[in-house]
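Each remark here refers to the structure printed beneath this line.
Atoms considered below: every heavy atom in the structure, side chains included; atoms not considered: hydrogens, waters and symmetry mates.
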Protein chains: 2
Amino acid sequence: MESRTARRATIRDVAERAQVSISTVSHAFSGSRPISEATRERIFRAATELGYDPNPSARSLRTGRSGIIGLILRPRFALTGTPDRAETFNRLVGSVATEMLRRKVGLIHVPDLHDPSVASVPMDGCIVAHPYGADEVLTELLRRDVPVITIEEDPERPEFTWAVRLDYTAVVSRLLDHLREQGARDIALLTGTEENAWNRRTRETYLDWSRQHDRTARTDLLSEGLDVDDAEAMIRSVLDSPERPDAVVVATSDFAALAAKVAAQRGIRVPEDLMIAALTDSEHSRAATPPITAMDLNHEGLAEQAVELMLARLAGAETPAEPLVLSPNLRLRGSTRRR
Amino acid sequence: MESRTARRATIRDVAERAQVSISTVSHAFSGSRPISEATRERIFRAATELGYDPNPSARSLRTGRSGIIGLILRPRFALTGTPDRAETFNRLVGSVATEMLRRKVGLIHVPDLHDPSVASVPMDGCIVAHPYGADEVLTELLRRDVPVITIEEDPERPEFTWAVRLDYTAVVSRLLDHLREQGARDIALLTGTEENAWNRRTRETYLDWSRQHDRTARTDLLSEGLDVDDAEAMIRSVLDSPERPDAVVVATSDFAALAAKVAAQRGIRVPEDLMIAALTDSEHSRAATPPITAMDLNHEGLAEQAVELMLARLAGAETPAEPLVLSPNLRLRGSTRRR
DNA sequence: GTGAAAGCGCTAACAT
DNA sequence: ATGTTAGCGCTTTCAC
């Protein structure tokens, strides 16, 4: 049974009960000016008896700050996608939430910036994860003067330096070098279709590397949004082609695992006939037979640094000269180890 | 370069620019009364030009609603713990976040209800996941008249029916029956120490089942907060004891995997000499050798139903007669399959 | 050490 | 179809 009549106690009720003015109550709670021991005591007792706690909206309206930081995850397949996408989403969201909780600041998932039917949300700043090129949500936030930090850079906004990003060039080059050392002659890239930094930078690195090593680059599109059957059909067409590559780098780890499965069905031995690597790591790559070499995107590190950068920004730090750079972790596994 | 002087546009600015009253602007945005086409047109143009968007705190203050739902995860090891705990945390947080995003309501992680230095947070209701017995955070929320939904029940608050819970009795009994059918004579339970429904109900079921089957119950405490070394020492003491059980049910899946490792070191064959099962599922149980039978807690289902129940509650639904019951999923694997 | 009062930006009741 | 206005609960300036 709930008390349906009870109105929530306000600062006014507390003041009345403690026989002081509301400003005294306010100051007692914020500690922003000296209060006599007797008065403070009366105030806190009254507050406890009434079950008072300050209304956060009133406070924010007055102070212009909410103490809350927003989070927007851009990849559109994060929500609708396969288990691999869910795992990535969970890990990213979980990392940011963990970090926020550690630092005791409120974190809010922003439901939909563009839908006018959705109430907007009181946030002091907003973290945008994996923006697209010239990302429209980012544009909107910037227009509204919301302090933004991005996790991964907007590939078409190099001048925006409030960002934490991954250095793909070094790690993807290392991966390709590794494949070459293991004897790969013909490396194909099955790249994703999302136009974010992850796809753009890894693809660019692959193309550069191929040029530098005088190899024919071969990229095919394998959309993150494909269902398993369509993805399998696409992979099949690559593995069945007359010029089958002897190594494939697949963007998402679950499709890399799918490639391993298709290879097994066809009697193509991994890694002897075909090496497989993924540009994201998940249970799928770890649990595949053989386990698949993968690039771990270090979501935990990105989350931690992004939150720290946001707090610094809100505390008035200067605009950085460059985004903060972290490194993905390359996990070499059986799928690319011939010797 | 940012404009540091620019004050955010308010409804007043828009009204002035569009040559209408502020109430007309308000109604134009909320659609709560008819506006002539010409006027609405002027208003939206002005709003766009000024980069106006309504201040959510002002709106909440006025309406008494924020459109935001809070989430509090109680298990204290969720944040500080091992990878298994992180995976569970991520999955739960991710599931709730996914569900909220689908329904386009804001989700806020409540940082710290008790710390007075932390600003409280504007929420219309709050989901509390895995409360302890007589949970103090739940008590506080109830005292404040915040509409609460719990994921899993507070074991000492059976009268609180705004809850979604798992039916452990049926599934744990099924697990024990399965172990018996596979030939287990002496089943030990390594239970967790968190006093939540998961530990309480599974332990009770184990004790009841043992009584019904005329078996000596044997439970040991294996705290979720232990680090790997301490957990390993504890597991060792069980496996090295003269009356070594021939089946162990371990609460957390990573410690179950640890048990498999310790058994392997000692030459104890799994499942022939020792069967192992876990009361939560994760990559650890799936990837162990052999893969470990585990109970999957169906976080996705819990999250979905909890969010739905919260929205119903906020929309004025009646107090349910009983909590909503879901079933965990039993995943039988090699660690308990002798034939 | 304490109080009075203005006002943050918005919604909605009551006007016309 | 549009305007006027009270007031949501708080912080903070100014006064004493």
Rounded to whole Å, how long is the line connecting atom [atom1] of [X] with atom [atom2] of [N]?
{"X": "B/Asn55", "N": "C/dG7", "atom1": "CG", "atom2": "P", "answer": "18 Å"}
{"X": "A/Ile11", "N": "C/dA6", "atom1": "CD1", "atom2": "P", "answer": "17 Å"}
{"X": "B/Asp13", "N": "C/dG9", "atom1": "CG", "atom2": "C1'", "answer": "10 Å"}
{"X": "B/Glu37", "N": "D/dT2", "atom1": "CD", "atom2": "C1'", "answer": "16 Å"}
{"X": "B/Arg62", "N": "C/dC10", "atom1": "CZ", "atom2": "P", "answer": "13 Å"}
{"X": "A/Ile35", "N": "C/dT2", "atom1": "CD1", "atom2": "C1'", "answer": "8 Å"}
{"X": "A/Arg59", "N": "D/dC8", "atom1": "CZ", "atom2": "P", "answer": "19 Å"}
{"X": "B/Glu41", "N": "D/dA1", "atom1": "CD", "atom2": "P", "answer": "17 Å"}

**Prompt:** With sugar-phosphate meaning primed atoms plus P, OP1 and OP2, does B/Thr10 contact a base, only sugar-phosphate, or nothing at under 4.0 Å between heavy atoms?
**Reply:**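 Result for B/Thr10 = sugar-phosphate.
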Side chain of [X] - closest among [options]:
{"X": "A/His27", "options": "C/dG9, D/dT13, D/dC10", "answer": "D/dT13"}
{"X": "A/Ser36", "options": "C/dT2, D/dT2, D/dT11", "answer": "C/dT2"}
{"X": "B/Ser21", "options": "D/dT4, C/dA4, D/dG9", "answer": "D/dT4"}
{"X": "B/Tyr52", "options": "C/dC10, D/dC10, C/dA12", "answer": "C/dC10"}
{"X": "B/Val20", "options": "D/dC10, D/dG3, C/dT11", "answer": "D/dG3"}
{"X": "B/Leu61", "options": "D/dC8, D/dT5, D/dT11", "answer": "D/dC8"}
{"X": "B/Ser23", "options": "D/dT2, D/dG3, D/dT12", "answer": "D/dG3"}

Looking at [Y] and [X], is any side-chain nitrogen of the basic one under 4.0 Å from a carboxylate oxygen of the acidic one?
{"X": "B/Glu153", "Y": "B/Arg157", "value": "no"}
{"X": "B/Glu99", "Y": "B/Arg103", "value": "yes"}
{"X": "A/Glu224", "Y": "A/Arg76", "value": "no"}
{"X": "B/Glu156", "Y": "B/Arg200", "value": "yes"}

**Item:** A/Ile22 or A/Arg33, whichever maps to the more 5' nucleotide of DNA chain D
**Value:**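 Result of the comparison: A/Ile22.
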**Request:** Map B/Ser32 and B/Ala58 onto DNA chain C by nearest heavy atom, then report which one ends up closer to the 5' terminus.
**Result:**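 Looking at the nearest nucleotide for each, B/Ala58 comes out on the 5' side.
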**Message:** Does D/dT2 have its OP1 or OP2 closer than 4.0 Å to a side-chain nitrogen or oxygen of B/Thr39?
**Reply:** yes
**Request:** For D/dG3, take OP1 and OP2 only and decide whether either is under 4.0 Å from a side-chain N or O of B/Thr24.
**Result:**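 Yes, within the criterion.
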**Message:** Within a 6.0 Å radius of atom CD on A/Glu16, are there more than 12 heavy atoms belonging to other residues, nucleotides or ligands?
**Reply:** no
